[in-house]
There are 2 protein chains.
Amino acid sequence: MTTVLVADDQPLQRLGFRMLLESQDDMTVLGEAANGTEAIRMTAELHPDVVLMDVRMPGLDGIEATRRITATGDRTRVLILTTFDLDEYAYSGLRAGASGFLVKDAQPEELLAGIRAVSTGDAVVAPSLTRRLLDAYVHHLPAKTPTDGPEPTPLDARLTALTDREREILTVIGKGWTNTEIAARLHLAESTVKTHVGRVLAKTGSRDRIQAVILAYDTGLVRPS
Amino acid sequence: MTTVLVADDQPLQRLGFRMLLESQDDMTVLGEAANGTEAIRMTAELHPDVVLMDVRMPGLDGIEATRRITATGDRTRVLILTTFDLDEYAYSGLRAGASGFLVKDAQPEELLAGIRAVSTGDAVVAPSLTRRLLDAYVHHLPAKTPTDGPEPTPLDARLTALTDREREILTVIGKGWTNTEIAARLHLAESTVKTHVGRVLAKTGSRDRIQAVILAYDTGLVRPS
DNA sequence: AGCGATGTCGTACCCGGGTACTACGGTGGC
DNA sequence: GCCACCGTAGTACCCGGGTACGACATCGCT
């Protein structure tokens, strides 16, 4: 059963979503939020699998709400919806940690498929956006461009939020050390290690140390031996 | 009207495919096969335009069935489906004469588009595979004419001790999947997953799945995303 | 026909990992 | 002087991971 929180300032729109989702026997709507602040509070309270997040809302908008929700390291995934396929929303939304970005005029089936996808950890992007998103992405990727070479460590944005100590912890996590080993070799109490690890997971949006290991490799913080 | 034969050992999966295909007014399902042998027999009998072929089936598997079907010189095209984007399957599948190779968790639209494509003689490959497939191809281009060397196994010695299934398990461990997720996506009991994981750890000399993740990355079994 | 390898599923048990708190000393900035 | 941040440490609790069994079906090989 996928639990969903609907965040949209339009009551009628919320009702539409609720009707659609409740018609599915594998989905249930935990609640409705009318703005970003409510969405954050209700997410912390109800822990839905997925938050259906409208971009335009009075007060705290959907992008900022997404950023704060994903920053908690909670298991909740955010699927952003907007009326228009404006690029800047998509970019900032996905950078804010959203698992997906769809346009509101999509087919109901697309929306449902999108919710199911993000609930299992996958990501979805509206087809109308995919191409432009990919273009922008690959424009940032290539190491084979002869122009700019001085990029040894383009670390993931998620790593910049870490303190030095936390990055150190992430490094040894990436080496496969257990909490006990970390405590022994760094002359710390195991409880302290747990505190650090917990903060690293929260800040990087990793659900467990395995995800953190993968992140360490993907960002190059730890290199294959 | 495109006629399709569905070959998959999972009744539920077959039902899903049938529902999807029958909902299209330009497609119809001629029949369902639960293993490779049945698929071959029913293909010879019904002459479908396309066979939707699962890789993993009891008895004769999808790859071998594909080989025998395409060897008949019949007009029937084979579109291979698998749960994972495992390279060896793709290689051997396409070498077996398949017209396409898609992953099961693709969007229904992708699947439908794929069926229509192969029915008209085109070929389709899952986006997640395209890159590696191209890499492999260009790697085969320079001066090498390998007739018997389809197995690029520079893998760590510890990996050779694993069975195919166990290597699959290690791959998804490397992707950070939990046992519960593995069970769900591979249609296995969690106890079975635990058994596999335990054997993988024992054979690779890993004390826990974190070490296994590291091994998967170090050997290149899983590549940084 | 028998046998080993492989894949599947189950139960029972223990332990490390992760969370949710609280707490306190040091340090640097304003 | 105060406060935000950081690093340290503790307790209590729950759950997923890993281990150790046993069991059964299929398949390939001899």
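Within every chain, numbering begins at 1; the chains are lettered A, B, ... in the order of the sequence lines, protein sequences first and strands thereafter.
One interatomic measurement links the two molecules: CG of B:N179 to P of C:dG10, which rounds to 14 Å at whole-angstrom precision. Distance, B:I210 CD1 to C:dG17 P: 7 Å, rounded to whole Å. The distance from atom CZ of A:R209 to atom C1' of D:dG16 is 14 Å, rounded to the nearest whole Å. Taking atom NE2 of residue A:H47 and atom P of nucleotide C:dG18, one finds them 18 Å apart after rounding to whole Å. Atom CG of A:L188 is separated from atom P of D:dC6 by 17 Å (rounded to the nearest Å). Straight-line distance from the CD1 atom of B:I169 to the P atom of C:dT6: 15 Å, rounded to whole Å. Counting to the nearest Å, the P atom of D:dT19 and the CD atom of B:E190 are 15 Å from each other. The separation between B:E168 atom CD and C:dG7 atom C1' is 11 Å, rounded to whole Å.
Between B:V193 and B:W177 the shortest side-chain heavy-atom distance does not fall below 4.5 Å. The shortest side-chain heavy-atom distance between A:D49 and A:M27 does not fall under the 4.5 Å cut-off. Contact of the A:L21 side chain with the A:L112 side chain is registered, since non-hydrogen atoms from C-beta on lie closer than 4.5 Å.
The A:T180 side chain lies nearest to C:dG17 when the options are D:dG10, C:dG17, C:dT8. Here the nucleotide nearest the side chain of B:H196, chosen from C:dT8, D:dG17, D:dA9, is C:dT8. Here the side chain of A:K194 is nearest to one of C:dT19, C:dC9, D:dT19, namely C:dT19. Of all nucleotides listed (C:dG7, C:dG18, D:dG18), C:dG18 comes nearest to the side chain of A:L201.
Test A:L201, A:V213, A:I214 against A:S206 for side chain to side chain contact (heavy atoms under 4.5 Å, CB included) and you get one pass: A:L201.
Heavy atoms of B:T163 sit under 4.0 angstrom from primed sugar atoms or phosphate atoms, though from no base atom.
OP1 or OP2 of D:dT8 sits under 4.0 Å from a side-chain N or O of A:R165. Remark: B:T192 is not in phosphate contact with C:dT8, judged by side-chain N or O atoms under 4.0 Å from OP1 or OP2.
Nearer to the 5' terminus of DNA chain C, by closest-nucleotide assignment, is the contact made by B:A189 (compared with the other of B:A189 and A:V197). If you find the closest nucleotide of DNA chain C to A:T178 and to A:R199, the one lying nearer the 5' end belongs to A:T178.
Looking at A:E32, its side chain never comes within 3.5 Å of a backbone N or O of A:D8 through a donor-acceptor pair.
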